[in-house]
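To start, the structure under review is shown below, and the notes come after it.
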Amino acid sequence: MLTRFAPSPTGDLHLGHAYSAVLAHAAARAAGGQFRIRIDDIDGSRSREAFVGASLADLAWLGLDRDGDVVRQSNRLGDYAAALDDLRRRGLVYPCFCTRADIAASLSAPHGPSGAIYPGTCRGLSAAARERRMADEPHCWRLDMARAVAETGELAWEEAGQGFRTADPAAHGDIVLARKDAPASYHLASTLDDAAIGVTHVIRGADLIASTDVHRLLQALLGLVVPIYRHHALVCGADGKRLAKRDAAASLKALREAGVDGRALAADLAADRLPAGYSLQKP
Ligand code: GLU
């Protein structure tokens, strides 16, 4: 068994992150497997180096020892580019020149699990128009979802302890796989990373279950090994809402500074015991 915890260095880790990391660590250790850390640092506008060090310090405080080197997405850009090239050669992605405003202005855009469903404006551009516009217009790369789904057929993944779940990638529409300002989307990078690291069990919050529709599709398109998934309950604050990075009181830094024993906290979280005022919202 190989599990991972993959923080984005965009803020301080909170109790919800600790819960996720503790579950992934405990699963690996119980099976005599490995626990890896991945830093999702390719969102150049939001990632901060200071949060990388702070996240690693938080994990050390919790007593979660890791195996191998820390994997950083910023070191893996070549892999993402190669996968995108492959999809491009197969006609499964197309350049999109629309701005957010263009998409918002398209009144018909309904919402799917990944946000507004792209209305498909750039899907039908001729090869000549694409070439011409790519030369001087910023663009992202979108997956041609209908083609992709036609290629893979129906897909499912194993949700630990619950059997198989059918993936519904089509509900997401033509998602972005590489942005104007980021070389790979979370979906593409995370799927490739998990396969490259050899992750056997992806243990992460239930808020990411819809992402698994897309990850499963990308695995099928790119010929990747499919891990088992476990989408766990989310930690909620006193208001019953799930924690966000802005909830400073629940940050691990605040708990550490308040004198909380990190290892004792980790043992409690592993047994689903939360500090007073916090609760688990079952998926
Ligand atoms: N960096 C992502 C996050 O923090 C990781 C999600 C995942 O575990 O796949 O949401």
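Scope of the values below: all heavy atoms of this structure, side chains included, with no hydrogens, waters or symmetry mates. In listed order, ligands and their atoms are each counted from 1. In this text, all values refer to a predicted model and were calculated from it rather than measured experimentally.
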| request: Give a yes/no on ligand 1: does F5 have at least one heavy atom closer than 4.0 angstrom to it? | output: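 Judged by the 4.0 Å heavy-atom criterion, F5 does not count as contacting ligand 1.
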Margin query: With a cutoff of 4.0 Å, is H17 in contact with ligand 1, counting heavy atoms of the residue only?
Written below: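 So H17 does not count as touching ligand 1.
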Pairing of [X] and [Y] as salt bridge, 4.0 angstrom limit:
X    : Y    : answer
R29  : D67  : yes
R38  : D40  : yes
R273 : D268 : yes
R165 : E158 : no
D58  : K253 : no
R89  : D85  : no

_Quick check: Y19 with H232 (ring centres under 6.0 Å apart)?_
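Ring centroids of H232 and Y19 are less than 6.0 Å from each other.
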*Just distances here: any N/O of Y186 and N/O of ligand 1 closer than 3.5 Å?*
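Between Y186 and ligand 1, an N or O pair is found under 3.5 Å apart.
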- prompt: Mind checking whether A6 has an N or O less than 3.5 Å away from an N or O of ligand 1?
  reply: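 By distance alone, the answer is yes.
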Ligand-residue contact atoms, ligand 1 with [X], heavy atoms, under 4.0 Å:
X    : value
D40  : 1 (N), 2 (C), 5 (C)
R4   : 7 (C), 8 (O), 9 (O)
R204 : 7 (C), 8 (O), 9 (O)

| request: For ligand 1, indicate whether the residue S190 contacts it via side chain, backbone, both or neither (heavy-atom separation under 4.0 Å). | output: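 It is the side chain that gets close, since no backbone atom is under 4.0 Å.
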| task | Examine the proximity of ligand 1 to V202 and report which part, side chain or backbone, both or neither, has a heavy atom under 4.0 Å away. | result |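 For V202, no heavy atom sits under 4.0 Å from ligand 1.
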To which protein heavy atom is atom 10 (O) of ligand 1 closest, and what is the distance rounded to 0.1 Å?
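Here the nearest protein heavy atom works out to L208 CD1, 4.2 Å.
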